[in-house]
Amino acid sequence: AGSDAPASGGTGSADGTAPSGELTWAIAGATLSEGHMDPQTSQMDVTAMVQRVVFDSLVFQNADGSFSPWLASAWEVSEDGRSYTFTLRDDVTFTDGEKFDAAAVKANFDRIVAPDTASAQAASMLGGENYAGTTVIDDTTVRVDFHEPYAPFLQAASTPLLGFYSPRVLTESLDKLKAGGPDVTVGTGPYVLSEYTADQEIVYTANPDYAWGPQGQKTPSVQTLRVSLVPEPSVRTGMANSGEAQLVSELPPSSVAELNPDLTVDTKAYPGMPYSLFLNEKYGVFADQKVRQAFELGIDVDSAVESIFDGQFERAWSVLGPTTPMYDAAIEGTWAFDPKKAEALLDEAGWTGRDADGYRTKDGKRLSARWIAWTPIPDDRTALGNAIQSDLKKIGFEVVREALEPGAYNEQYGPKTYDITDWGFSGVDPDYLRSHLATDGFQNASQVSDPAVDALVAKGAETVDPTERAAVYTELQEWNAQHVAIVPLYVPALISASAPSVSGLTFDLYGRPLFYDASID
Amino acid sequence: MIRRALLAVAGVFLLVLVAMAVAPQLFTTADPLLADVSSRLLPPSADHLFGTDQSGRDVFARVVHGARSSLGVGVSAVIVALVIGTLLGWLIGSAPRPVDAVVMRVIDLALAVPEFLVALVVVALLGPGAGNVAVAVTLAVIPIYVRYARGHTRAIAAEEHVEAARMLGLPALTVSVRHVLPAVMRRLTVLATIGIGSTILAVAGLGFLGLGAGEPAPEWGLMLAGGRNVLARAWWVTLFPGLAITLTVVCASLIGRALRERVEGLR
Amino acid sequence: MSGIRLQGLVIADGAGERSRELVRVDELQVAPGECVAVVGESGAGKSLLLRALLGLVPRPLQVSAARMDVDGVDIAGASERELRAVRGSRIALVGQDALVALDPLRRVADEVSEPLAIHTDLRRRARRARAVGLLTDVAVDRPALRAAQYPHELSGGMRQRSLIASALAADPPVLALDEPTTALDATVQRRVLELVRSLADDGRAVVLVSHDIAAVSAIADRVVVMRDGHVVESGATASVIASPSHPYTRELLTSARRRAPERRMIGDRELLSAHNLTRRFAHTAAVSDVSLRLNNAEVVGVVGESGSGKSTLVRMLLGAEQPDEGRVTLDGAAWSPLPESARRSRRTRIQLVAQNPRGAFLPTWTIGRTIGEALAAAGVPRREHAARIAELLERVELDPAFAGRRPRTLSGGQLQRAAIARALAVAPDVLLLDEPLSALDVSVASRILAVLRRLRDEGTAMVLVSHDLAVVGELADRILVMRAGHVVEEGTATEIFSAPAHAFTRELLASRAVLPPS
Amino acid sequence: MIRRAAIGVFGGVLLLWVAATVSFLLMRVIPGDPVAVMLGPQANVSEEVKQRLREQLGLDRPLPQQYLDYLAGLLRGDFGESFQLRLPVTEVIGRQLGATLQLTLAALGIALALVLIVAIVARTRRTRAVAATVEQVLLGMPVFWIGLILLSVFAFGLGWFPVSGSRPGSLVLPALTLALPTAALLGQLLRDGLEQAERSEFAETVRARGAGDVRLFAHHTLRHAAVGTLPMVAYLIGSLLGGAVLVETVFARPGLGRVTLAAIMDRDAPVLSGVLLLSCAVFVVVSLLSDLAVPLLDPRRRARSARPRAAEDAA
Ligand SMILES: Nc1ncnc2c1ncn2[C@@H]1O[C@H](COP(=O)(O)OP(=O)(O)OP(=O)(O)O)[C@@H](O)[C@H]1O
Ligand SMILES: Nc1ncnc2c1ncn2[C@@H]1O[C@H](COP(=O)(O)OP(=O)(O)OP(=O)(O)O)[C@@H](O)[C@H]1O
Ligand SMILES: [Mg+2]
Ligand SMILES: [Mg+2]
């Protein structure tokens, strides 16, 4: 698209009237104050969700997965898939007056991969070890190089994680980025972070000079975006019903029934890895594939997900969520709840004895798996855990759960001393499977170590052709359905409720609200 | 009259609670851990006296089984704190002034930090979990007992009967063990009975913050934490564990106060 | 005539069947200008009677009266509101324990003038000024200073007079005084009584309660004798004292008339001697340069007003308090200031019956156990304990069954005797007694005196401490008179009584309430 | 008075030094590698980076050196840097202090008002028994449960108060939650003191002067009860801070409680020791103030007699 009308420099929103009104947006956001205000370092979804309004990206990903120009008016991928050359708009300025140019792109990307930055996610999206460097060709042309072909880059470049800080803050306030604040969290976006009270609220004010929205939008019409940080879900629900907040996100599925009927509820399934259990095959009972399969078949995922999430979330079948590109729908229904078969598998695996508590034993040892999770654990996941535990008890499989605070969790996660752990992961490009399944992947909690799998994930990253790529990921999904390294449970969704006074709200592929065209009366 | 009746009721309630802690299966056959997602959040009924929670577990069974951890941790923490606190306080109180002054500074420090914060920090040191909570709560209350024991030791040591016994030619230690220690112990035991309440509250508080026994353990504080998100549509999930805590604490302190009146009436 | 007119007053504990009558007074009248004394032993109902006059009998007790007029107002039928208007303005009460009857947190001026704050519209400044005047009226020295002080900064006598000043503040025509002279030493006591008399002479109706018939006989126009809530005798003071009709009144009078000291034989072996003892606390010397000698079978008395250092002296003799200067010898051998470990083997030779007998007993132990501990310390084999305990209790005229009782179930007098029994358990050569009779009413006191006399006659050497010259005079062979830590006079009992050398001794003797011989 | 204050200050400084030492040791004994904690779960960082961070934090120096550096830092008002936020501890605590202060002060105010009202209203045996029962029950209720009940009745049910946010009304329920148990405890103490004072001889004297209940309360017994309650105030403030952790969680309010909890969860030792030092300092200051206030109310404590020592022993 690109913008035809040059920025006039004056105020003026998309429809020509001055921005006005205030929209209160309640989110959980408990982790923001713990050093997660910087999308370039944080791995928290919430960071990207709120800071999207401050940080623009090179390209915009449309609902159909295709890409359109944004800060880059055009781009080109080299034949070998190792170089991406972007042509930048020349009318973009950061809200502190700095100019957005090729040098700014380079400064940001180099900062993300710098070891001191200790970025978990953004660095990985920038290719990690694969990133070779960014070259400034001229003011408006910049090239990003990789050692190996790197297909997911455009998608990565469309996220706020690879958004751009003003070069001035990168030099002057580098150590404050994680904590964030006015004059620190400075980007090119439609809003300026104007006030921040940790653990309480973030106030964003419309950027009067904005004229480079993904669809050419200008200064948004809502003048003040007040993000209320409310970790208690019940309180958020209350705020939605009382009208205290006009937009409430991260609502628990169970609360949907309690919402006033006049609210608009948007449920957007997260793309990426569904919430899953990772079975550690290098540690205990899960070394045996039959035990893994029995584990999977012994859980009544359908009824648990249906009732615990009040029908708001879908159950998951594959390591890719259904809204993720290259999802393989053929897996659906292939491993439905079958306790009889699970029992048979366990018998085959030799777990035939029974102890006083009714659990299976083999050679006097109880069939038991230890599940570690890091706190805080939301209620519904707790309920799901309880259901899983109870289901498996019925087939004589003991599950012991430990909730650990992040520090203690790391102590076990590092040496991989657990049987089960859990998480979900949002990502629009299936390349995230690389870190979860490759032998040396940092999220390889199941300790999968299979050269064939390694080759597949590498191929997935290199292949640019969409159909070829799809074949690779189909194979990977089927592999997991058989091998059972990961047990996908449900597809989480971002549930937002908006007041009737709010209109024009759109959502990105991650289900996060976008405010370019929003208005409030 | 009414007081008598109230005390009797409190006593009976505590006995029932102890019975629940020792033999929960006498009160309910339901499994406190069994999650049945098809019967989530059912209101109280004949099948589920106190209804069911988000995981479809029987709240009554969980309240009954919860008695063990709440009471167990509360009581054992108090007993350990009582014994350690009394002995320490007695020793400090019997020590020469300068030693007493220095040691009391350290005890004052422990008192300077709110009890609950001490427990929190200890949990931070040891990590969450039921056992660690017991240790944390114990450590948090010991200074209070030390302080009281030390105060009583000095006060009782100044009583005339102690001097009278010394003037019979008995060694100081004999006199202290015979005259001071039992009196200190008796007064602190009464204090401890009242104190059970506050340890139970602390245990529940830690459980509420998710630092105690983890899911799926039936622990009252944890149950309250779990129920707070369904407050609006399932009051029974929080009401019953809340009532259980409150009744336990109130009964323990009623009985403790009655005991104190009797013991101090002797003075 | 107004004043007090009372008929058919009954104060009972509980109503209906289970009620217990505490006080029954058929008739009591006090005319303006008259001072009526109500005497009787502890628990006779004197205080309740006074409270009834103000409608202040505490809640569970029931009051009924055929007629109860105070300054013309019917108290029995008055509402709480009306009563509040009467209290302080028509009748004022001076409470039993002056030392604690003033609010310790408020200045004396505020306390004294509080009736004005309640019953008049006077401003604060005016009230304070008035308070100084009132203090002057009751002969408090330096009234302006006292008014600005707090009660704890005043001596007992001053507090007592301040309390009276407060009662007088709103100028009530009727005054009720409850034991206004207990806890005061003899000199102060006399001054307060004179003040009371002058108040009656000013035209007020005064009721004065006391357990000391001797003390009130000097000032009261009429005496009412109470026992167990009943009036057993009443009449003009002179006639009641001259010819008491009720046996109880006679008992009161005899115990008030102490016998004169008699001459006895005393031993010649020195048991205990103190040489130039001095003990200082913070700023003052509680005892300075006191010497004392006690032979076998001798009783040495120590008298002096409150705070003169008597207890401190006794504690140094015992070795419970280390002297700053001087030394004590026991049986000619060094005793104080030896370290306690060096004394331990001879500990049973000397015993103290402390000022407060209750303190000597562990509340949770039975009397028998406490005495048993003493027996064990003296090396008496365990199996003999029971018999010895019974024997000791009998020696102090207590039923051996008391061995099984706990201290709190004993009265003050019984406990005092048990404490003596405990001290005797180790068969000491020297018995130190600190105020053995204070705080006991006359009949109990005379029984203990009898016990002590027997011990003396059996040959126990004693040091007897008291602020009451009469008590000491009755038992002691020699007497030391102490004042402010110093011994101001020393001599045989006869010498002291017949020819006191020091002015202070003379004052003590003079202020002693003496009844005319019967 | 000045001497007394000086002794109090000296004792307080001593106490703070001990507290600092304990905090320092605490930081070293809290298990878990601070650097790993800093980087969070699933961190994907090389060993050299970790080593460099360790040097930055001064964790590679010998312990006594670290201790001295820490003490020197404290004197300069530098409490170290949060592992988790990479911000000075003073700033982490400072920006949350206001919210907690607001909450605790409001709670204290409400509690005092409640206590006084109850003390004035409840004067008969019966009303006092009712008040005592209510207090007993309140003291038995976990503070977070009180919060949940208030929340469901007044916020969700009746909608009288906002459930959250920064509007003034949002302070009401949390402050009330925290105030109720405090008021119950304070009320018990105060009533014990009042009843004791009412039983004293002087109260009888005051009644005999014609004073009514109100005068007795306002001019006499209240002051006695206050004297008895003052020494407990420091403890009470402390327990308010402890309670704030729970109340802030229930009402999802920002504040020190949240900071503390997060620090514990993340094993952020510098923040934790900052919180501990702060609460010690509050205790020291409040007890100093209450120690100094007692003689103002009680003239008997002004004299330099042997009495206060005995009183202290009996406490
Ligand atoms: N509040 C009360 N409840 C029950 N009995 C009481 C109460 N007050 C006093 N009595 C009883 O009433 C009787 C008379 O008490 P009162 O105080 O009038 O005696 P008293 O003659 O003043 O004695 P004392 O000389 O010791 O002051 C005593 O037996 C006492 O126990
Ligand atoms: N432990 C102490 N500390 C400070 N001063 C003391 C102490 N013991 C006694 N005194 C002071 O020493 C003086 C003498 O006290 P002591 O108890 O010997 O008097 P007493 O003659 O027995 O008086 P009473 O007749 O009232 O018993 C008093 O001024 C008292 O205040
Ligand atoms: Mg009396
Ligand atoms: Mg004395």
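Below, chains carry the letters A, B, ... as their sequence lines are ordered, and counting in each starts from 1.
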**Q** With a 4.5 angstrom heavy-atom cut-off, could you sort out which part of Leu239(B) is near chain D: side chain, backbone, both or neither?
**A**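 For Leu239(B), backbone and side chain are both near chain D.
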
**Q** Given heavy-atom pairs under 4.5 angstrom as the criterion, report whether the side chain, backbone, both or neither of Ile149(D) touches chain B.
**A** neither

**Q** Return yes when atom CD of Gln196(D) has more than 12 non-hydrogen atoms of other residues, nucleotides or ligands closer than 6.0 Å, and no otherwise.
**A** no

**Q** Between Ile200(B) and chain D, with a heavy-atom cut-off of 4.5 Å, which part of the residue counts as in contact: side chain, backbone, both or neither?
**A**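 Neither; nothing under 4.5 Å.
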
**Q** How many angstroms lie between CD1 in Ile144(B) and OG in Ser198(B), if you round to the nearest 0.5 Å?
**A**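 So the gap between those two atoms works out to 6.5 Å.
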
**Q** Top residue by heavy-atom pair count (under 4.5 Å) with chain D, among Leu117(B), Val123(B), Leu224(B)?
**A**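 When all of Leu117(B), Val123(B), Leu224(B) are compared, Leu224(B) has the most.
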
**Q** Between atom NE2 of His179(B) and atom CD of Glu159(B), what is the distance when rounded to the nearest 0.5 Å?
**A** 11.0 Å

**Q** Nearest 0.5 angstrom please: Glu248(D) CD to Thr100(D) OG1, how far?
**A** 4.0 Å

**Q** Give, as side chain, backbone, both or neither, the part of Thr260(D) having an atom under 4.5 angstrom from any heavy atom of chain B.
**A** side chain

**Q** Check step by step if side chain to side chain contact (heavy atoms under 4.5 Å, CB included) holds for Phe116(B) and Leu206(B).
**A** CA-CA 9 Å; Phe116(B) 193 64; Leu206(B) 291 171; 4.2 Å; yes

**Q** Between Trp90(B) and Ser176(B), do the side chains contain an N or O donor and an N or O acceptor separated by less than 3.5 Å?
**A** yes

**Q** What part of Val284(D) gets within 4.5 angstrom of chain B, counting heavy atoms only: side chain, backbone, both, or neither?
**A**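 For Val284(D), no heavy atom lies under 4.5 Å from chain B.
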
**Q** Is chain B contacted by the side chain of Leu148(D), its backbone, both, or neither, given a heavy-atom distance below 4.5 Å?
**A** both

